[in-house]
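Every chain is numbered from 1 and lettered A, B, ... according to where its sequence line falls, protein lines coming before strand lines. All heavy atoms count here, side chains included; hydrogens, waters and symmetry mates do not.
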There are 2 protein chains.
Amino acid sequence: MNHTVGARQAQKQQSRRALLDAGLRLLADQNFASLGVREVTRAAGLSPAAFYRHFPDLAALGVALVEESLASLHVMIRSVLAGEGGAEELIDRAVDVIEQHVREHQPHVRFLARERHGGVRRVREAIDAELGRFAEEVGAALGLQPVSEGWSEDDLRMLAELYVDHMVSTAAAFLEAQETDPAREAHIAATARLQLRLISLGRRHWQGS
Amino acid sequence: MNHTVGARQAQKQQSRRALLDAGLRLLADQNFASLGVREVTRAAGLSPAAFYRHFPDLAALGVALVEESLASLHVMIRSVLAGEGGAEELIDRAVDVIEQHVREHQPHVRFLARERHGGVRRVREAIDAELGRFAEEVGAALGLQPVSEGWSEDDLRMLAELYVDHMVSTAAAFLEAQETDPAREAHIAATARLQLRLISLGRRHWQGS
DNA sequence: AAGTTCGGCAAACACTTGTTTACTGAATGA
DNA sequence: TCATTCAGTAAACAAGTGTTTGCCGAACTT
């Protein structure tokens, strides 16, 4: 939608990108609340004042990062639910996709994990709202599966939230493993698969609430 | 063990407590990494230099808080597993106890939720290690239940981790609800109960991995 | 070609920060 | 009673902070 070009806009976008990237890079080993304007601009190669040409606040930069991070999440969920196959195939694919996603978007995922319960309210709420919409999307997709015949709206939502929470926990575990003990990754994946199988077993025997 | 008295020691312990309390209070709306020595001592009514009579580091204070927080968690788990009753009663009691625990130890729980993936490695690792031991305790308790006949060690551990992760997610949800929309608490409790019922259903039909 | 817009800069504002220093004075022990 | 211990203090250190100011000069518009 925003294919305004012109050397002016282009360079502005470039600086904005530099700020976002610098922020994300710094967030590798500190949390958002302890980030500083000067720190970010220094890492981006800009002057402190330049920051305010792009964001009114540091929190605004945080919200922008949330949007970026979750856009990639929505892409991910679709690639899981899109394919064919039974429960087993779906579980395997889901865990694979999560693992790969964490590897490829490590900074974004870490940002989400860290700030989900972090100290900056606006960022926290943005994440929670988006994870809610995420659960809704999962719930709708679950409703289309044959296994869900006879399930109420509420029960579907409950199940979707269970899946989303499990996904978040798994992603966080992958993250921690990748930066401290990569050998654990396979074990985490195996555990996650078993847990999903157990949940899907409970789902098949569910009689409604 | 430490019933050393003497007016001297007593007052020192009192100051230490003041520092811990002040820290915990400040952590209500910021994360640990952005905490400052001056900030804590100011809130505790001491001079900045006094801090170093008690802790070498701010991280040391953080680790002390982790220990406090998790002691109360272990007490909690025992009070859940101690009682009698079938799966349904156990689920109801578990959710009740979590809800009550979050209410009574809000600052500690928030601290754990926030710093579990927070920016200070030493604190993060202390929490993760303790949650691991926690899962172990749950796994052992699960193994004693009749439903677990024929379950392997690994499968029990997998199930225990699922329960612990679920407990953490639920606690975090209660926390968020309590400070933004207390009316949601009942709904969260109901959802958590349903999810636990679904898991326990899967558990009854589990054939082993 | 002349005029306007505006992203970026250096400098200055009034703070806050962690940590060390030399000190005070009450509790302790001989 | 007198000497020692030691939790707590005020003051100073150099270095960091967010935000505003006036200005420059390249990119745009007319």
Side-chain angles (χ1 to χ4, degrees), chain A residues 2-65 115 118-123, chain B residues 2-23 25-65 118-123:
Chain A
N2 199 14
H3 28 90
T4 33
V5 257
R8 202 69 165 281
Q9 315 262 358
Q11 293 205 344
K12 178 163 187 182
Q13 296 269 338
Q14 198 175 13
S15 293
R16 189 187 140 98
R17 194 92 284 283
L19 287 170
L20 289 168
D21 287 345
L24 211 47
R25 199 170 344 119
L26 289 167
L27 288 170
D29 29 38
Q30 71 189 275
N31 30 21
F32 186 77
S34 59
L35 210 59
V37 172
R38 294 185 108 106
E39 203 180 356
V40 173
T41 54
R42 193 186 313 123
L46 297 178
S47 78
F51 179 86
Y52 299 95
R53 302 285 189 200
H54 298 273
F55 304 99
D57 251 347
L58 253 181
L61 183 143
V63 172
L65 284 177
E115 301 306 326
V120 178
R121 171 172 289 265
R122 269 169 68 194
V123 172
Chain B
N2 199 14
H3 27 90
T4 33
V5 259
R8 202 69 167 278
Q9 315 263 358
Q11 294 205 344
K12 179 165 185 180
Q13 295 268 340
Q14 198 174 12
S15 293
R16 189 188 140 97
R17 194 92 282 286
L19 288 170
L20 289 168
D21 287 345
R25 199 172 341 119
L26 290 167
L27 288 171
D29 28 40
Q30 71 191 269
N31 26 24
F32 186 78
S34 59
L35 209 60
V37 173
R38 292 186 110 105
E39 204 179 355
V40 173
T41 52
R42 195 185 312 125
L46 296 177
S47 79
F51 179 86
Y52 298 96
R53 302 284 187 203
H54 298 273
F55 304 99
D57 251 348
L58 253 181
L61 183 143
V63 172
L65 284 177
V120 178
R121 172 171 288 264
R122 268 171 67 193
V123 172

* Asked: Which pair of heavy atoms, one from A:Val37 and one from A:Tyr52, lies closest together, and at what distance?
  -> CG2-OH, 3.8 Å

* **Sidechain N-carboxylate O distance under 4.0 Å for B:Asp29, A:Arg121** => no

* Within this structure, what is the CD-to-P distance between A:Glu39 and D:dG16, rounded to whole angstrom? -> 11 Å

* Asked: With no hydrogens and no angle check, is any side-chain donor or acceptor of B:Glu39 less than 3.5 Å from a backbone partner on B:Gly36?
  -> yes

* Does B:Arg42 place a side-chain N or O at less than 4.0 Å from the phosphate oxygens OP1/OP2 of C:dG18? -> no

* Distance, rounded to the nearest Å, where A:Leu58 contributes CG and D:dT19 contributes C1' -> 12 Å

* Could you give the CD-to-C1' distance, from B:Gln11 to C:dG25, as a whole number of Å? -> 12 Å

* To do: Using the closest heavy atom to pick a nucleotide of DNA chain D for each, name whichever of A:Phe51 or B:Arg38 lands nearer the 5' end.
  => B:Arg38

* Structure fact -> Considering only heavy side-chain atoms of A:Arg8, the closest of C:dT28, D:dC28, D:dG18 is D:dC28

* Starting at atom CZ of A:Phe55, determine the distance to atom C1' of C:dG8, rounded to an integer number of angstrom. => 15 Å

* Structure fact -> Value for CG (B:Leu46) from CZ (B:Phe51), rounded to nearest 0.5 Å, stands at 10.5 Å

* Asked: Which whole-number value in Å describes the distance from A:Lys12 NZ to C:dC9 P?
  -> 14 Å

* Spell out yes or no: do the side chain of A:Arg53 and the base of C:dC6 have one donor N/O and one acceptor N/O closer than 3.5 Å? => no

* Asked: Does the salt bridge (Lys or Arg N to Asp or Glu O under 4.0 Å) test come out yes or no for A:Asp21 and A:Arg25, once each step is laid out?
  -> CA-CA 6 Å; A:Asp21 287 345; A:Arg25 199 170 344 119; over 6 Å; no

* Would you kindly give the CD-to-P distance between A:Gln14 and C:dG7, to the nearest whole Å? => 14 Å

* In whole angstroms, how far is the P atom of D:dT19 from the CG atom of A:Leu61? -> 13 Å

* Minimum-distance nucleotide to B:Ala49 side chain [options: C:dT20, C:dA27, C:dC9] -> C:dT20

* Quick one: A:Leu35 CG to D:dG16 C1', roughly how many Å, whole number? -> 14 Å

* **C:dT19 OP1/OP2 closer than 4.0 Å to side-chain N/O of B:Tyr52** => yes

